[in-house]
Amino acid sequence: QQQVKQSPQSLIVQKGGISIINCAYENTAFDYFPWYQQFPGKGPALLIAIRPDVSEKKEGRFTISFNKSAKQFSLHIMDSQPGDSATYFCAASSQNSGYALNFGKGTSLLVTP
Amino acid sequence: DAGVIQSPRHEVTEMGQEVTLRCKPISGHDYLFWYRQTMMRGLELLIYFNNNVPIDDSGMPEDRFSAKMPNASFSTLKIQPSEPRDSAVYFCASGSGTDTQYFGPGTRLTVL
């Protein structure tokens with residue numbers, strides 16, 4: 001069963017807009033929540049990650065918001081650019097499982113000029 | 001570092017044939033993961049190793065799949081016999097015992 005649920009499945013945003021992708025999880029043992037970015041024909045690449053002891057982490061135009069009580073986290077991409085067009089995966093893992101990743105189904109983002 | 005290396009990049013085979021996928025992790029990493037990506041199921045963990053020892057193979061779909069890591073710089077994922085439903089992109093990833101995993105470029109497998 002899918003341990004991490006991700007929405008929306010696809011997203012179209014105009015250049016300069018904000019892209020928002022949401023994820024939810026059930027397993028309270030998860031202690032690491034990364035976001036991966038994947039371009040066609042490439043492997044996923046780590047974009048940004050958060051641990052549950054903080055509610056927000058920002059790196060450049062990318063921000064993760066984390067709500068531990070709701071077991072939800074989201075990725076915000078500010079000032080979205082056409083080069084951000086890719087598939088984004090949220091994931092969750094725990095130290096006691098070697099940080100093996102449980103992925104969401106992915107969101108295909110298209111940023112239009 | 002060259003990153004995680006996978007070979008072959010593309011593999012086309014016929015049903016019933018044996019398929020071997022290869023992975024060279026980043027030097028110094030002690031964790032190695034095999035994932036499979038399909039449209040229907042997304043990215044799913046098949047198996048992971050720590051210090052060359054298989055730790056969790058609960059994601060391996062059935063006995064036709066096997067994985068080995070004979071040393072710290074090499075791992076294989078074997079499918080015997082292969083079936084059309086095995087068609088997918090197979091990724092290898094490695095990590096250094098911390099949380100970050102680095103993915104290879106993947107092997108696109110097509111079983112006819």
Side-chain angles (χ1 to χ4, degrees), chain A residues 1-10 21 23-25 27 29-54 57 59 62 64 66 73 86-108, chain B residues 2-10 21 23-26 29-60 67 69 88-109:
Chain A
Q1 82 220 32
Q2 199 79 21
Q3 294 205 53
V4 179
K5 292 190 168 72
Q6 182 172 347
S7 62
Q9 190 174 355
S10 61
I21 305 171
C23 285
Y25 65 98
N27 188 345
F30 289 146
D31 58 11
Y32 177 66
F33 302 87
W35 286 87
Y36 278 79
Q37 179 188 55
Q38 185 179 29
F39 292 103
K42 305 291 186 184
L46 179 66
L47 189 63
I48 187 173
I50 198 168
R51 292 195 173 274
D53 52 343
V54 297
K57 183 173 181 180
E59 289 183 1
F62 301 91
I64 299 178
F66 187 83
F73 58 111
T87 301
Y88 292 81
F89 294 91
C90 62
S93 64
S94 63
Q95 185 177 19
N96 62 17
S97 66
Y99 291 113
L101 294 166
N102 298 273
F103 283 96
K105 282 288 189 73
T107 296
S108 178
Chain B
V4 176
I5 299 172
Q6 290 187 246
S7 64
R9 293 294 313 277
H10 301 273
L21 311 182
C23 175
K24 177 178 168 53
I26 293 172
H29 283 185
D30 55 352
Y31 281 83
L32 184 138
F33 305 83
W34 282 99
Y35 294 90
R36 179 170 67 174
Q37 185 174 33
T38 61
M39 289 295 293
M40 288 296 294
R41 299 176 65 88
L43 274 159
E44 52 184 348
L45 175 73
L46 298 177
I47 185 171
Y48 79 91
F49 296 82
N50 178 218
N51 291 322
N52 313 337
V53 176
I55 304 299
D56 183 356
D57 65 354
S58 59
M60 296 285 261
M69 192 165 186
V89 181
Y90 291 81
F91 289 104
C92 174
S94 70
S96 62
T98 59
D99 35 42
T100 303
Q101 290 181 32
Y102 299 86
F103 281 72
T107 295
R108 180 173 295 277
L109 173 65

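Remember, it's a predicted structure, so these values are computed and weren't measured experimentally. Naming convention: chains lettered A, B, ... in sequence-line order (proteins, then strands); numbering from 1 in each chain.
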Determine which residues belonging to residues 38-53 of chain B lie within contact range of chain A, meaning some heavy atom pair is under 4.5 Å apart, and list them by number or answer 'none'.
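Within residues 38-53 of chain B, near chain A: B/M40, B/R41, B/G42, B/L43, B/L45, B/Y48.
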Under a 4.5 Å cutoff for heavy-atom pairs, which residue among A/S97, A/G104, A/G106 has the most contacts with chain B?
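Counting heavy-atom pairs under 4.5 Å, the top option is A/S97.
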What's the shortest heavy-atom distance between [X] and [Y], and which atoms?
X     : Y      : answer
A/F89 : B/Q37  : CZ-NE2, 3.4 Å
A/Y36 : B/Q101 : OH-O, 3.1 Å
B/Y35 : A/L101 : OH-N, 3.0 Å

Residue [X] versus chain B: region with a heavy atom under 4.5 Å:
X     : value
A/P44 : both
A/L46 : side chain
A/A45 : neither

Hey, is CD on A/Q9 packed in by over 12 heavy atoms from elsewhere, all under 6.0 Å?
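Counting other residues, nucleotides and ligands, CD of A/Q9 stays at 12 neighbours or fewer.
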Using a 6.0 Å cut-off, check whether atom OH of B/Y102 has over 12 heavy atoms from anything other than its own residue.
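Result for OH/B/Y102: open.
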A/Y99 (side chain) donor-acceptor with B/G95 (main chain) under 3.5 angstrom
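Looks like no, no N/O pair under 3.5 Å.
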